[in-house]
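Atoms considered below: every heavy atom in the structure, side chains included; atoms not considered: hydrogens, waters and symmetry mates.
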Amino acid sequence: MAGDQYFALVDCNNFYASCEKLFRPDLKNTPVVVLSNNDGCVVARSPEAKALDIPMGVPAFQIQHLVKKHGIIVFSSNYALYADLSHRVMQAIESCWPDMEIYSIDEAFLTFSSNPLPGLSMEGLAEKVQKRVLMWTGLRVSIGVARTKTLAKIANYAAKKYPATKGVVVLEEQDRIDRLLALVSVGEVWGVGRRTQEKLCRMNVRTAFDLKCANILNIKRFFNIKIGQTVEELNGSPCFTLEQTPGLKKQMICSRSFGERIKRKDDMEKAVSSFCVYVAERLRSEKLLAGRVDLFIRTSCFNKDKTSYANSCGINLDFPSDDTFYLVGLTCRLLDCIWKEGKAYSKAGVVLSVLTPGEGGRQMQLFESSLIRPQHEKVIEIMDRINREKKGKVLIASQGLGQNPWKMKQSHVSPNYTLDWRAIPIIRC
DNA sequence: TCTGGGGTCCTAGGACCC
DNA sequence: TCTGGGGTCCTAGGACCC
């Protein structure tokens, strides 16, 4: 099968924007954009918004005039809703074909042979997946099929770009592959970002076809082995395989930009304590322990001047831990090390790393206190249980109470249609 | 005035050792 | 005066992804 193996990339069309439209049939032909956390930048656009030339990643305040002029509907991001719909999409795909890797919230890779099942071609299988996802979730997917993951990505790009494909492109014949690669800018290739694209263009490598034909030894010398593998993949030799079991997480982060700038240390302490509480909750839910805590704080990275400041520091733990109280205590100590008065901070984050599995308890270390931890464990278990039912119901003291200036802006958030009984859409006939 | 968050991997360079 | 070379490990920073 190895010589006859193909990869398919299944990718939801305009995923976040489509999730929002799903429950708002009144917005069928209306331009819709979804903003990043804190209502910062555009992270998803409906086809109507794309037609208005709203670029990906543009700051929301820069498109205010277009929003007014064209009646664009703006949503804050609602990740709980998107995660739930993503789960349903993945279930629908898996029900058609089990050899699947969930690659991101809206993408999955599949592997199959050129004749996946008797009487079923690769196109046939792709169409089956497309129909089932639409039937089960109401969401549309595009599918690209080719010999390697990198080529499947490009096939998917074509499936989205050219409506005549009806969202399915299967790349088999070499001359067809080459013709497509010549139409694709090198910056669209998976693994080639802005920096690499600039460097490649200076070397006169402008299209995916140019990169395919580039001298691989030179590419490895001037870039790195990753880009070298990309060249091999463009030539049809697979370097990246299907990863069905996700590896152990290496780090967990909670970071936020603030709705309002933070100037006081006690406000910052509340913010970073809350970030730490949140990330420790996730750590426990994945049954992991952290061996290191890092904290970073920074003023705005735009308008750099002499008042700008960014710093970070971290500490290796003597014993790996998932204890919120301990981790928050360390986070506050780290803040003491890097806090600088007189600054207007715009962002901060807590990073837990050196993660190890914590399932089934953990060896107590020789000099570790055996008195404190069991009490903490019980309290934390109860806090987790309550907070699972209602987020943020139980706080620890350093998180502070009441309105916090660091809270995210989320002015246009939609209801949790699929997760909250009170938000279930009502159909009137 | 307003510019996301959560990840991974690679590499260069420093520290250290023999 | 003159001060090696090879190896490992760790970390910060860069680049990329969605």
Open item on the list: Can you see if the side chain of A:S346 gets near the phosphate of B:dT3 - specifically, an N or O under 4.0 Å from OP1 or OP2?
Closed with: no
- [ ] For residues A:A146 and A:L151, report the shortest heavy-atom separation together with the two atoms involved.
- [x] CB-CB, 3.5 Å
Open item on the list: Output the rounded distance in Å from CG (A:L35) to P (B:dT3).
Closed with: 12 Å
- [ ] Determine the contact category for A:E107: base if any of its heavy atoms lies under 4.0 Å from a base atom, sugar-phosphate if only primed atoms, P, OP1 or OP2 are that close, otherwise nothing.
- [x] sugar-phosphate
TODO: Could you work out which one of C:dA15, B:dG4, B:dG6 sits closest to the side chain of A:I253?
DONE: B:dG6
Open item on the list: Strictly below 4.0 Å: does A:R298 bring a side-chain N or O up to OP1 or OP2 of B:dG4?
Closed with: no
Task: Strand partner of C:dC18, provided both Watson-Crick or wobble distances fall under 3.5 Å - done: B:dG5
Open item on the list: From CD of A:Q251 over to C1' of C:dC17, roughly how many Å is that when rounded to an integer?
Closed with: 14 Å
- [ ] Using a heavy-atom cut-off of under 4.0 Å over every strand shown, decide if A:D39 touches base, sugar-phosphate, or nothing.
- [x] nothing
TODO: Assert yes or no for the condition that the ring centre distance of A:Y345 to A:W339 is strictly below 6.0 Å.
DONE: yes
Open item on the list: Any base atoms under 4.0 Å from A:C301, or only sugar-phosphate, or nothing? Heavy atoms, all strands.
Closed with: nothing
Open item on the list: Under 4.0 Å, counting only non-hydrogen atoms across every strand here, what does A:V350 touch: a base, just sugar-phosphate, or nothing?
Closed with: nothing
Open item on the list: Distance check needed: C:dC17 P versus A:N224 CG, whole Å only.
Closed with: 12 Å
Can you give me the N/O atom pairs linking the protein to nucleotides 7-10 of chain C at distances under 3.5 Å, or say none if there are none?
none

Task: Output field: ring centroids A:F240/A:F7 closer than 6.0 Å - done: no
Task: Least distance between heavy atoms, A:A155 atom then A:V145 atom - done: CB-N, 3.7 Å
- [ ] Pick base, sugar-phosphate or nothing for A:V58, based on heavy-atom distances below 4.0 Å to the nucleic acid.
- [x] nothing
- [ ] Please determine if a side-chain N or O atom of A:S36 lies less than 4.0 Å away from the OP1 or OP2 oxygen of B:dT3.
- [x] no
Task: Reference residue A:S142; test side-chain hydrogen bond (donor to acceptor under 3.5 Å, both in side chains); the match among A:N156, A:T165, A:N13 - done: A:N13
- [ ] Could you check if a side-chain atom of A:Y82 sits within less than 4.5 angstrom of a side-chain atom of A:E20, using non-hydrogen atoms only?
- [x] yes
Open item on the list: Under 4.0 Å from OP1 or OP2 of C:dC16: is there any side-chain N or O of A:K199 that close?
Closed with: no
TODO: Measure from the side-chain heavy atoms of A:W190 and tell me the nearest of B:dG5, C:dC17, B:dT3.
DONE: C:dC17
Open item on the list: It should be established whether A:R256 places a side-chain nitrogen or oxygen under 4.0 Å from OP1 or OP2 of nucleotide B:dG6.
Closed with: yes
TODO: Check every strand shown and say whether A:M252 touches a base, only sugar-phosphate, or nothing at a heavy-atom separation below 4.0 Å.
DONE: sugar-phosphate
- [ ] Look at the side chain of A:N316 and decide which nucleotide, out of C:dC16, C:dT11, B:dC2, has an atom nearest to it.
- [x] C:dT11
Task: Pi-cation contact, A:F222 with A:K199 (under 6.0 Å, within 45°) - done: no
Open item on the list: Could you tell me how far C:dC17 sits from B:dT3 if I compare only their P atoms? Round to whole Å.
Closed with: 24 Å
TODO: Describe the nucleic acid contact of A:K347 in one word from base, sugar-phosphate, nothing, applying a heavy-atom distance below 4.0 Å.
DONE: sugar-phosphate
Open item on the list: Looking only at the side chain of A:F61 (C-beta and beyond, no hydrogens), which of the listed nucleotides B:dG6, C:dC16, B:dC2 gets closest?
Closed with: B:dC2
- [ ] Answer with base, sugar-phosphate or nothing: what part of the nucleic acid does A:S300 contact at a heavy-atom distance below 4.0 Å?
- [x] nothing
Task: Pair A:E107 + A:K153: basic N to acidic O under 4.0 Å - done: yes
Open item on the list: Need one value for A:R261: base, sugar-phosphate or nothing, where a base atom within 4.0 Å counts as base even if backbone is also close, heavy atoms only.
Closed with: sugar-phosphate
Open item on the list: Applying the 5.5 Å / 30° rule, does A:F302 stack onto the base of B:dT3?
Closed with: yes
- [ ] Measure from the side-chain heavy atoms of A:I225 and tell me the nearest of C:dC18, B:dT11, B:dT3.
- [x] B:dT11
Task: A:S255 side chain near B:dG6 phosphate (N/O to OP1/OP2, under 4.0 Å) - done: yes
